[in-house]
2 protein chains.
Amino acid sequence: MEKTIHGRPYIETKKGPILTPCAPNGVLARLGDKWTILVMSILALDPARALRFSEIKNGIPDISQRMLTLTLRNLERDGLVTRHYFAEVPPRVEYELTPMGKTMLPALEGFTGWIRDNWQAIEQARQRFDRAGRS
Amino acid sequence: MEKTIHGRPYIETKKGPILTPCAPNGVLARLGDKWTILVMSILALDPARALRFSEIKNGIPDISQRMLTLTLRNLERDGLVTRHYFAEVPPRVEYELTPMGKTMLPALEGFTGWIRDNWQAIEQARQRFDRAGRS
DNA sequence: TCCATGCGTTACCTCCAGGTAACCGGCAGA
DNA sequence: TCTGCCGGTTACCTGGAGGTAACGCATGGA
């Protein structure tokens, strides 16, 4: 009775299909936030190498110290990134993708390809729509 | 000089790689919002058939009239959905995926598969992290 | 006369992502 | 003694996402 469409579960009723709540929704929401993908991407540049906090920060223009800390904390919590703390002075902290983390971006590849192929069309559609009044 | 990693452009400097601003970021952000994917999904159930506003609303539990209108408006603006208005009484409005819209969810398939395979692991990682104190 | 219908729009409120800025801690070097 | 270094944390503020509720409108049916 429960089927799925593109990975999303739904049920058929006489009144039509109804999408059922889907736990993995939150994962996409996390990805959609402002910095997460950027942090994952820079860690993925050389997955074998751990990066220091400051290296990540330098690699991502405009990210603030606070937002980088928060983003990394969330990724660590999700098991996508590991944090290594070295109690030196001044302190050194290194971040690295976990095995699971290393598989994430490649899985997204199909969709980033779609975006690459379509975002100009989207941009044009927006301009057409906005120009059409309907302000 | 400009390379890409998983579709994301960056440049190499002596101080290390720097990710460059990436327009398509916004597309992912849109997808990450609360309702967009659900609306796309229900329209994709039978891509050949247009759905009425009320059919979509009934198919998505808990979505409010306002949020459905806003979400559809954005999708229309992005050229992913078309709106057909019939000046009957009471009015009838039908929504349908555009050709571009029809290609989006399949492109996302690889990633939804990754989520399906990994979200339990993510859930467990979160619980471990939270239980570990660091409140 | 009154109401239900279908698709909005408007007004209003709350919450949180994200930004800015200052401070901390402990040691090294001037 | 003062300053800089690194990685964080804290306090504070703002904008916008998203929720709730009510109103609008044209007509057909009771």
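Order of the sequence lines fixes the chain letters, A, B, ..., with proteins taken first and strands second; residue numbering starts at 1 for each chain. Basis for what follows: all heavy atoms, side chains included, without hydrogens, waters or symmetry-related copies. Predicted, not measured: the structure shown is a model, and the values here were computed from it.
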| query | For A/Arg30, which contact category applies under a 4.0 Å heavy-atom criterion: base, sugar-phosphate, or nothing? | reply | nothing

| field | Hphob cluster co-occupancy, B/Val81 + A/Phe129, side-chain heavy atoms under 4.5 angstrom | value | no

| Nucleotide D/dC5, atom C1' - distance to CZ of A/Phe86 in whole Å | 18 Å

| query | Does any N or O donor sit under 3.5 Å from an N or O acceptor when you compare the side chain of A/Gln65 with the base of D/dG7? | reply | yes

Donor-acceptor pairs under 3.5 angstrom involving side-chain atoms of residues 60-70 of chain A: please list them, not counting sequence neighbours.
residue	atom	partner	partner atom	Å
A/Ser64	OG	A/Met67	N	3.2
A/Thr69	OG1	A/Gln65	O	2.8

| remark: Shortest non-hydrogen pair, B/Ala44 vs B/Leu105, comes out as CB-CD1, 3.7 Å

| task | Ignoring hydrogens and angles, state whether a donor on the side chain of A/Asn74 or A/Thr71 is under 3.5 Å from an acceptor on the partner side chain. | result | no

| query | Across the strands shown, which category fits A/Tyr95 at heavy-atom distances under 4.0 angstrom: base, sugar-phosphate, nothing? | reply | sugar-phosphate

Table of protein N/O atoms under 3.5 Å from nucleotides 15-18 of chain D N/O atoms:
residue	atom	partner	partner atom	Å
D/dG18	OP1	B/Lys34	N	3.1
D/dG18	N7	B/Arg66	NH2	2.7

| Quick check: does any side chain N or O of B/Thr36 sit under 3.5 Å from a backbone N or O of B/Asp33, one acting as donor and the other as acceptor? | no

| field | Candidates B/Gln124, B/Glu123, B/Arg128 - the one meeting side chain to side chain contact (heavy atoms under 4.5 Å, CB included) with B/Arg126 | value | B/Glu123

| request: Take the protein atom CG of A/Leu68 and the nucleotide atom P of D/dG7, then report the distance between them rounded to whole Å. | output: 10 Å

| task | With a 4.0 Å heavy-atom cut-off, tell me which residues in residues 43-63 of chain B come close to DNA chain D, sorted by residue number. | result | none

| query | How would you list all residue pairs meeting side-chain hydrogen bond (donor to acceptor under 3.5 Å, both in side chains) that involve residues 87-103 of chain B, not counting sequence neighbours? | reply | A/Trp114-B/Thr103, B/His84-B/Glu96, B/Glu88-B/Arg92, B/Arg92-B/Glu94

| Does the side chain of A/Arg73 get closer than 4.0 angstrom to OP1 or OP2 of D/dT9 through an N or O atom? | yes

| Taking NZ, NE, NH1 and NH2 as the nitrogens, is one of them in B/Arg49 or B/Glu55 under 4.0 Å from a carboxylate oxygen of the other? | yes

| field | Between A/Arg52 and A/Asn58, a side-chain donor and acceptor under 3.5 Å | value | no

| query | Which atoms form the tightest heavy-atom contact between B/Met100 and B/Gly79, and what is the distance? | reply | CE-O, 3.5 Å

| remark: Sequence neighbours excluded, the answer for salt bridge (charged side-chain N to carboxylate O under 4.0 Å, His left out) partners of A/Arg30 is A/Asp78

Taking only N/O atoms, report every protein-nucleotides 26-30 of chain C pair under 3.5 Å with atom names and distance.
none

